[in-house]
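Take a look at the structure set out below.
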Amino acid sequence: MATDQAQAALTRPPLTLPDGESIAADPPFAHWRLVTDGDVLWAIIDKQGASANTLSKGVLEDLDRLLDIAAKRAPKALVIRSGKQSGFIAGAEIGEFVGQTDEAAIRAMIDSGLAVFDKLAHFPAPTIALIHGFCLGGGLELALCCRYRIATDDARLGFPEVMLGLHPGLAGTWRSLAVMKPIDAMTAMLTGKTLIARKAKSQGLVDAVTEERHFAEAVRWAIRGDVKKADAKGPIGRAMNFSPLRGIIAARMERETAAKARRDHYPAPFALIDLWKAHGDDASALRPAETRSFAHLLTGETSQNLVRCFFLREKLKGYAKGATHDMTHVHVIGAGVMGGDIAAWAALRGFRVTLEDREMKFIAPAIGRAGELFQRRLYTPKDRQSAFDRLMPDVEGSGLARADLVIEVVPENPDIKHQVYARAEKAMKKDAILASNTSSIELEDLAKGLKRPERFCGIHFFNPVAQMPLVEMVTHEGLDDKVASRALSFIDALDKLPLPVKSAPGFLVNRALTPYMMEAFLAFAEGIKPEVIDATMEAFGMPMGPIELADQVGLDVGLHVAHVLKAEVKDRALPDVPSWFEDLVKRGSLGKKSGKGVYVWKDGKPQKAEGEARPDKALEDRLVLSLLNAMADCMAAGLVEDADAADAAMIFGTGFAPFRGGPLNYARKVGIATVVERLEALEKAHGPRFAPSKGWKTLGA
Amino acid sequence: MARSPSPRKKAPAKPLEAMGRPVYIVDGARTPFLKAGTRAGPFSPVDLAVQCGRPLLARQPFAPSDIDEVILGCVNVAADEVNPGRVAALRLGCGVGVPGWTVQRNCASGQQSIDTAWRYVAAGHADLILAGGAEALSHAPLLFSKAGAAWFGRFMSARTLSQRLQALTAFRPAFVKPEISLLTGLTDPVVKINMGQTAEILAHRFGISRRQADEYSARSHHRLAAAHKEGRLEELQPMVDRKGRVYDFDTGVRPDNSADQLAKLKPAFERPFGKVTAGNSSQISDGASWTIIASEDAVKRFGLKPMARIIDCQWGSCDPAVMGLGPALASTRVMQRHGLKRTDIGAWELNEAFAAQVLSCLKAWTDKDFCQILLGLDEVFGEVDHDRLNVDGGAIALGHPVGASGNRITLHLIHVMRRLGARLGIATECIGGGMGGAMLVELV
């Protein structure tokens, strides 16, 4: 409603900025403005041509000159804030990290950045950072150079460098340790989790939390010295930095980190712990050690691949640009595990959702699961209540007439789906979109009989919805371009990563994953223990082994997909589904959801035999190469735009070892020729299912 | 009867003509009514209002923001939902541009909202109003006594250590004894007797026996159970709580209840000789109900299908000690204004605050003195047909969430009128404090 928007604008204030003269420089600043406010100077960062501020070389060079000019004018204080609504500073310019191989050159780059930060830290007047929105990584490191940090309630602060296989590299380690308890600082840097403003204040990162409308007054208080500096360390905090406490705490951190990640796969958190263990009590030693460690990590394969993952994520997000979804109401038909969770997620993200099923008793469990989701992801009772209000059980299907998007999530039976579409099409709005979450039925088959197939597409989520970022947007010949754009934009609005995929059996992810899963089942049929199979792939870097994954997704679902692929896929001789698999499903052992599959499941965890989990290198070859070969098939079929898109799909749809940068990236590292050789060997040993894909020819180019 | 003045004869209105523009009830919905247990129920008053308001609005041809205003009856307003009418309007997605407010006329609050909505629309001030009622008696708070609250205030304002110690030594254990606000609320503030006692007074005056009250109550349960079984409660909207539990029927109903079983209960309000028990009284419950009130213009504009036309709503007043006679007063008044006889009314919903109270109203209507002296009728009103009265049970089986009941009986009346083919119907309730309300509707 236009009036609602106008009313909302009343409550959202513009950024507090001074209206004094803008101080010119020669050459002029590209990314900053230096503005007077009486006898105070404001340095406003507003990176040119970007919607969010990041610390690029240009930004730091500007800042260097700005600080010189500002110091000469001897202001009473220097305020630093962002001129962008999106937030303070999101971090360093990651693009400048890509492809770096020379550690010495990196160290030199960092040193020049540190010099600018030092200049800020030693500025001859009090410096005040005003923080709103995101303040991450390098942005937080910059803010830590200021004497005062004042944040709005919606500010989010953190050190996400570990997600890129790094740790803070611009003095974030010792500057955060200077104001926080070591355990809080280390936890923030090891987990990469963002802190909300109030938490950041209680941990010492921020001195005051207030609303944007009080920023001008807060600056005046800070200049007078009336803002109390955060003092979170306390005597125990200070003691933690010294031996023997430091050593004990570091050892525990190492154990906890090792439980979640292997040192050889993800070296960064261990490097950070080593840094602190060695130099936690000596900032002057920690500083150069941080630089050396950072430069070393940056040139390592893991970091390079994790940076690649970051850009793969941006690539997928890029598919959603250029269109707005314009949607407020989503109607989900089918309140099963997937339908219920999709509805809950959409409500969490602010959409009004009507969730339909035949009877209330089928919808109610989904509401209960939504309750758990809201409890985990929302922090105030008000937010949870609003989310619940947005999610409406809808036995009557009243939502059909109001929805902007109707998603069908009923069983994989074309007849049932066609009935649902007939009913939906009668009631839907003219410009509403009809979508299916089908994982195994081709869109062309489903589109048959639709009155308006041009507004029908696939929107395919992965299990569990709350955790898997990827959503395949499945296209077909008759799909209208605008509808496709709106669907991609919707997926982005859900904070998921959209991937346009051509309709084909299994689309991309299942098409690539199923031969790998089937290979695991064949191995199981040969007598290899499931614990060994899973351990092998976990050693490779998968978050979960294939047997456990099959149990988790549901053996009935996996069986169905396997049958469909075996029947539909023409360009590869997929193995027959082993009989024990059919038997298990027939007997009702469906995996996690029925308490027993291959494993027995208790309390949501598979019961694995102790001491059996030894990885097997030969097995790893069979499994990994099945996956790689299937991906090459997908590329040959032209299902997605390029190899990067395919890699992104596997990383974000199945959790494929991110530190390897994606399956095809891994294949290129190993060498395409080597991959083909190994496939030929496996073909001789195990059968035609390993015949090297046609797709390798173009991938090797 | 002590001080009842003779009823002021109001000028009769033209028969069945609307006062002002025609006003319609086009749709409505209610939650299941949940009998209050020992713990607070899962839904607050506004939660209940949202649970049935959401699906009601979802099936309308207009958007929630098209509503002109929202009026909600509610007696026990929760401290974190002050002005629940507005909170409900916002949570139902009406948008910031739709005003919402709350009305209170005790047991008739849910009908007061319809009355006010009717008057606004009839006068041309609005075209589309959402009028409802909600109550969560299970949430009725325990209160600190005044002395306890005063001590707490002293303690909070103590600044120095010595002041704090002084405040602490002034503490008395009696300060923590809570006042059960529900009990207080059910006691009349002027005549200082509780609602159940008013029913005892009427039972005595009109010769209603314990047995009669129990038989009436058993029938209320049977009728409601049958209505559930046969799907006759079309306005009922199932609810789901945050744990995924479904509520799809009125939890107070006891299908196997019998007069013999009810006879075993002890009197609740005047022991040991009284006639009014927990079994032949309305239940303490949580529930909500909404109706959509529309003008002719709104009906045309949005393509609505009116169910009934509101003809009139009248409020009668009497001694608080006999508040249970309110329906007799108010219904008679509204019928007199339109020149109607008993036989003109094809369906009745008379809120079952107490079996003895309902039966007293019916008996009073056959009492010559009562009809002539108090109601100003020329002759006896007559016997209301039990097959046209509370045909699907009432508050004895369903529960009486105070703020919602007036709305529920009006909404359900319309459904009953459709079923029985009754052209005219009256929804009426007694009101704690000594009043009665009666709404006259015509099937469309």
Side-chain angles (χ1 to χ4, degrees), chain A residues 1-11 328-329 331 335 340 343-344 347 350-357 359-375 378 380-382 384-403 427 429, chain B residues 27 29 31-32 42-68 78-81 84 87-99 231 234-249 288 292 302-303:
Chain A
M1 271 269 105
T3 42
D4 271 353
Q5 282 167 5
Q7 296 228 18
L10 280 173
T11 50
T328 47
H329 185 145
H331 185 76
F351 289 92
R352 220 168 33 246
V353 182
T354 38
L355 177 57
E356 183 188 330
D357 211 311
E359 288 176 46
M360 188 59 103
K361 70 178 190 217
F362 300 126
I363 306 176
I367 306 294
R369 287 198 309 276
E372 287 163 13
L373 176 71
F374 301 154
Q375 192 66 30
L378 298 171
T380 62
K382 174 192 168 293
R384 291 177 195 137
Q385 183 189 79
S386 300
F388 272 111
D389 284 350
R390 287 192 290 269
L391 178 58
M392 185 182 111
D394 187 11
V395 176
E396 266 113 71
S398 307
L400 277 171
R402 285 217 204 287
K429 288 199 305 208
Chain B
D27 200 350
T31 67
F43 304 106
S44 74
V46 178
D47 288 338
L48 293 162
V50 169
Q51 287 279 340
C52 63
R54 260 188 329 194
L56 173 65
L57 292 182
R59 65 178 183 238
Q60 302 307 317
F62 55 83
S65 53
D66 290 323
I67 295 170
D68 290 316
D80 58 354
E81 297 179 341
V87 179
L90 288 169
R91 285 179 58 185
L92 283 170
C94 296
V96 296
V98 175
E234 295 163 54
E235 69 274 22
L236 190 67
Q237 278 295 328
M239 311 191 278
V240 185
D241 70 14
R242 295 181 180 204
K243 302 238 165 62
R245 236 196 331 238
V246 179
Y247 304 84
D248 56 4
F249 66 97
I292 298 178
F302 297 113

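Below, chains carry the letters A, B, ... as their sequence lines are ordered, and counting in each starts from 1.
The candidate with the highest count of non-hydrogen atom pairs below 4.5 Å against chain B, out of A:Arg352, A:Arg369, A:Gln385, is A:Gln385. Options A:Pro365, A:Ala364, A:Ala370 differ in how many heavy-atom pairs under 4.5 Å they form with chain B, and the most are formed by A:Ala364.
Put simply, CG on B:Asp241 and CD1 on A:Ile367 are 10.0 Å apart, with the number rounded to the nearest 0.5 Å. For the atom pair NZ (B:Lys243) and CD (A:Glu372), the distance works out to 10.0 Å, reported to the nearest 0.5 Å.
In this structure, no portion of A:Asp394 lies under 4.5 Å from any heavy atom of chain B. Contacts of B:Asp248 with chain A are absent, with no heavy-atom separation under 4.5 Å from either backbone or side chain. Using a 4.5 Å cut-off between heavy atoms, B:Gln51 does not touch chain A at all. Only the backbone of B:Leu57 comes within contact range of chain A, with at least one heavy atom under 4.5 Å from a heavy atom of that chain.
Shown here for B:Phe62 and A:Arg402, the closest heavy-atom pair between the two residues is O-NH2, 2.9 Å. Across all their heavy atoms, A:Met392 and B:Ala58 have their closest contact at CE-CB, 3.6 Å.
Open room surrounds NZ on A:Lys361; 12 or fewer heavy atoms of other groups in view lie less than 6.0 Å from it.
Looking only at distances, a side-chain donor or acceptor of B:Arg54 sits under 3.5 Å from a matching main-chain atom of A:Leu391.
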